Amino acid sequence: MSRKAESTSLNGEPVVKRPREGVPQEHPLRTPKEPQNKVTVVLGAQWGDEGKGKVVDLLAMDADIVCRCQGGNNAGHTVVVDSVEYDFHLLPSGVLNKKAISFIGNGVVIHLPGLFEEAEKNLRKGKGLQGWEERLKISDRAHIVFNFHQAVDGIQEQQRQQQEGKNLGTTKKGIGPAYSSKAARNGLRVCDLVSDFKVFEEKFRMLAEHFRTMYPNLNVDIDSELQQLKEYTERLRPLVTDGVYFMHRALTGPSKKILVEGANAALLDIDFGTYPFVTSSNCTVGGVCTGLGVPPSYVGRVYGVVKAYTTRVGVGAFPTEQDNETGNLLQSRGREFGVTTGRRRRCGWLDLILVRYAHMVNGFSAIALTKLDILDTLPEIKVAVAYKVNGQPLPSFPANMDVLTQVKVEYETLPGWCCSTETARSFEELPVQAQNYIRFIEDFLQVPVKWVGVGKSRESIIKLF
């Protein structure tokens, strides 16, 4: 048979050749597609209180969507705009941008009285929050913190103090008990509340009784809280959305700038932090995916916020803590009091072992270095560069907190600049010693510093590149 005959069928039509097995064929669905939009993430790189709110506020100025992915009103961010100081706990700091949508994701636990009280308190301060309900969306999958969760939090802290002589230093905002309900699968979500209230009421009573059985001293006014929740339901309903679908449309639709604002910080992460003195959620980069429903391929730049020294609220190991004049100076100059609790923050030198560990977990694209101006009066500045235990160097940041309490810190001592940095608006305008301090941090971490904060206002953040 001729080759021509082989290429035609009996009816004269060309023969459709089957692809040989094992030979890859091009297919439009099999060509990898780059994500249309990626989220930019801002995370704390120490024990919290690094000044994330200020960095988020800066980036949120031209963002289209600003998201919270985890935590609750145990977090606190302070933002100063037009000389007005706003305090946020549940609301994303980006809510001040009237052109952006603020989104509270499924990974957040929400205390509804706290949410509405926070909004009303900030409305009284200035015009920044006007119209906030029109630009806030809340995931229907977010869990609810109830008043009895907060009461249980206080009882648990009291029990720890009595049994072990030490507590975890929680904010007593009910965050741990609410996440416990979530993990125990008896929690209640926003979608439950805005659905059939009678069904919600039955589940609520069962959950309240569950905690009353566990804690006989718990004082719960079930009827009063149900009435309060019913009143909040109508205000809440217009804000609720299918969070997965909301984020999917934002990521795959027209070009958008999407910002994610982490609460708490790397060393407070439930898995990677200084356990058990941690929060109850993942405040590292993985929490962005699980707390919002964002595929990992859609995570873009991840910025770590690092205070130019180190602070910690509450109890737990703190290798570089300075319980002396230096610590007092940092505390007073930095006005180091917790936004949520008002507790005095413990202060110490910058710990680069700790920040490098946070970078290992999060993969920071760049660093925002905040509160550099607080170091202005120091003749010399120490930076932690190594840990030793029993004379032996530690190869990594220890998981065991008993080990962390025993470490001896090795410091690098750098000269201070002993002059004000508050008027500097470029890297070149900073004193040479301050420039060298920043370069030292970059070289040690092998991560560039993108912003430097030298004051409280939005204008006091120096952009380096």
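Remember, predicted model here, so these are calculated numbers, not experimental data. Each residue takes its place number in the sequence, starting with 1. Worth knowing before you read on, the calculation uses all heavy atoms, side chains too, and leaves out hydrogens, waters and symmetry mates.
Under the 4.5 Å side-chain criterion, counting only non-hydrogen atoms from C-beta, Glu85 is not in contact with Val79. Counting heavy atoms from C-beta on, the side chains of Ile441 and Leu352 come closer than 4.5 Å. In this structure the side chain of Ile353 reaches within 4.5 angstrom of the side chain of Phe444, judged on heavy atoms. Side-chain contact between Phe200 and Leu229: present, with at least one pair of heavy atoms (C-beta onward) separated by less than 4.5 Å. Taking the side chain as every heavy atom from C-beta outward, Phe277 and Arg312 approach each other to under 4.5 Å. Side-chain atoms of Leu259 and Cys67, non-hydrogen and from C-beta on, never get closer than 4.5 Å to each other. The closest side-chain heavy-atom distance from Asp223 to Gln227 is not below 4.5 Å. At a threshold of 4.5 Å between non-hydrogen side-chain atoms, the residues Ile222 and Glu209 count as touching.
Within 6.0 Å of atom CE in Met360, more than 12 heavy atoms from other residues, nucleotides or ligands are found, so the atom counts as buried in its surroundings. Within a 6.0 Å radius of CG in Asn219, no more than 12 heavy atoms belonging to other residues, nucleotides or ligands are found. Sparse packing is recorded around NZ of Lys172, with 12 or fewer heavy atoms of other residues, nucleotides or ligands lying under 6.0 Å away. Heavy atoms of other residues, nucleotides or ligands lying less than 6.0 angstrom from NZ of Lys450 number more than 12. By the neighbour-count criterion of 12 heavy atoms within 6.0 Å, atom CG of Asp62 is densely surrounded, having more than that number from other residues, nucleotides or ligands. Within a 6.0 Å sphere centred on NZ of Lys257, other residues, nucleotides and ligands contribute 12 heavy atoms or fewer. No more than 12 heavy-atom neighbours from other residues, nucleotides or ligands sit within 6.0 angstrom of CD on Glu134.
Ion pair Glu201/Lys230 not flagged as a salt bridge, since none of the NZ, NE, NH1 or NH2 atoms sits closer than 4.0 Å to an Asp/Glu carboxylate oxygen. Salt-bridge formation is not detected for the pair Lys307/Glu50: no Lys NZ or Arg NE/NH1/NH2 atom is positioned less than 4.0 Å from an Asp or Glu carboxylate oxygen. Between Arg124 and Glu117 there is no salt bridge, since no side-chain nitrogen of the basic residue lies less than 4.0 Å from a carboxylate oxygen of the acidic one. Salt bridge Arg237/Glu234: present, at least one basic N to carboxylate O contact under 4.0 Å. A salt bridge between Asp242 and Arg141 is present, with a side-chain N of the basic residue lying under 4.0 Å from a carboxylate O of the acidic one. A salt bridge does not link Lys121 with Glu118: none of the charged nitrogens is closer than 4.0 Å to a carboxylate oxygen. Ion pair Lys371/Asp376 not flagged as a salt bridge, since none of the NZ, NE, NH1 or NH2 atoms sits closer than 4.0 Å to an Asp/Glu carboxylate oxygen. Contact check on Asp87 versus Lys125 returns a salt bridge, with a Lys/Arg side-chain nitrogen under 4.0 Å from an Asp/Glu carboxylate oxygen.
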Where do Leu239 and Glu133 land on the side chain to side chain contact (heavy atoms under 4.5 Å, CB included) test, with the steps shown first? CA-CA 7 Å; Leu239 312 179; Glu133 287 177 283; 4.2 Å; yes
Evaluate Glu157 against Lys173 for salt bridge (charged side-chain N to carboxylate O under 4.0 Å, His left out), listing each step before the verdict. CA-CA 12 Å; Glu157 280 288 80; Lys173 295 292 184 182; over 6 Å; no
Go through it in stages, so that I can follow the logic: the residues are Asp351 and Tyr387, the test is side chain to side chain donor-acceptor pair (under 3.5 Å), and I'd like the CA-CA distance, side-chain angles, deciding distance and then a yes or no. CA-CA 10 Å; Asp351 187 338; Tyr387 290 166; 2.4 Å; yes
Could you give me the CA-CA distance, side-chain angles and deciding distance for Val39 and Leu251, then say whether side chain to side chain contact (heavy atoms under 4.5 Å, CB included) is met? CA-CA 8 Å; Val39 298; Leu251 292 165; 3.8 Å; yes
Does the pair Asn74 and His89 meet the rule for a side chain to side chain donor-acceptor pair (under 3.5 Å), with working shown? CA-CA 7 Å; Asn74 58 331; His89 303 276; over 6 Å; no
Evaluation steps, side chain to side chain donor-acceptor pair (under 3.5 Å), between Thr274 and Trp47: CA-CA 9 Å; Thr274 47; Trp47 275 296; 3.1 Å; yes
Yes or no on side chain to side chain donor-acceptor pair (under 3.5 Å) for Glu336 and Tyr309, after CA distance, side-chain angles and deciding distance? CA-CA 11 Å; Glu336 295 294 353; Tyr309 48 103; 2.4 Å; yes
Working for salt bridge (charged side-chain N to carboxylate O under 4.0 Å, His left out), residues Glu459 and Arg425: CA-CA 8 Å; Glu459 296 72 30; Arg425 292 296 176 264; over 6 Å; no
Stepwise salt bridge (charged side-chain N to carboxylate O under 4.0 Å, His left out) test for Asp49 and Arg345: CA-CA 9 Å; Asp49 311 309; Arg345 294 176 188 145; 3.2 Å; yes
Decide yes or no on side chain to side chain contact (heavy atoms under 4.5 Å, CB included) for Leu267 and Gln46, but give the supporting numbers first. CA-CA 6 Å; Leu267 275 294; Gln46 294 155 299; 5.8 Å; no
Stepwise side chain to side chain contact (heavy atoms under 4.5 Å, CB included) test for Thr241 and Asp140: CA-CA 6 Å; Thr241 189; Asp140 54 358; over 6 Å; no
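Among all heavy-atom pairs drawn from Ser281 and Gly71, the shortest one is OG-N, 3.6 Å. Residues Gly105 and Ala142 come closest through the heavy atom pair O-CB, 3.7 Å. Across Val299 and Cys289, no two heavy atoms sit closer than the pair CG2-SG, 4.0 Å. Ala208 approaches Val220 most closely through the heavy-atom pair CB-CG1, 4.3 Å. Considering all non-hydrogen atoms of both residues, Leu268 and Gly48 come closest at CD1-N, 4.4 Å. Here the closest heavy-atom approach between residue Gly72 and residue Ile175 is recorded as CA-CD1, 3.9 Å.
Using the six-membered ring where Trp is involved, Tyr215 and Phe211 have ring planes that are parallel, under 30° apart on the 30 and 60° scheme.
For the atom pair Leu292 CG and Ile104 CD1, the distance stands at 11.0 Å (nearest 0.5 Å). Interatomic distance, Leu372 CG to Ile462 CD1, rounded to the nearest 0.5 Å: 7.5 Å. Atoms CD and CZ, from Glu261 and Phe103 in turn, are 13.5 Å apart once rounded to the nearest 0.5 Å. Taken to the nearest 0.5 Å, the OH atom of Tyr275 stands 12.0 Å off from the CG atom of Asp269. With rounding to the nearest 0.5 angstrom, the OH atom of Tyr86 is 12.5 Å from the CG atom of Leu91. One finds the CG atom of Leu193 at 12.0 Å from the OH atom of Tyr232 (value rounded to the nearest 0.5 Å).
For the 3.5 Å distance criterion, the side chains of Ser181 and His143 fail to qualify, holding no donor opposite an acceptor. Under 3.5 Å, the side chains of Thr421 and Asp373 contain no donor-acceptor pair of N or O atoms. No side-chain donor from either of Thr284 and Asn362 sits under 3.5 Å from a side-chain acceptor of the other.
Taking the six-membered ring for Trp and the full ring otherwise, the centers of Phe146 and Phe204 sit less than 6.0 Å from each other.
Within the 3.5 Å criterion, the main-chain N or O of Ala250 finds a donor-acceptor partner in the side chain of Asn37.
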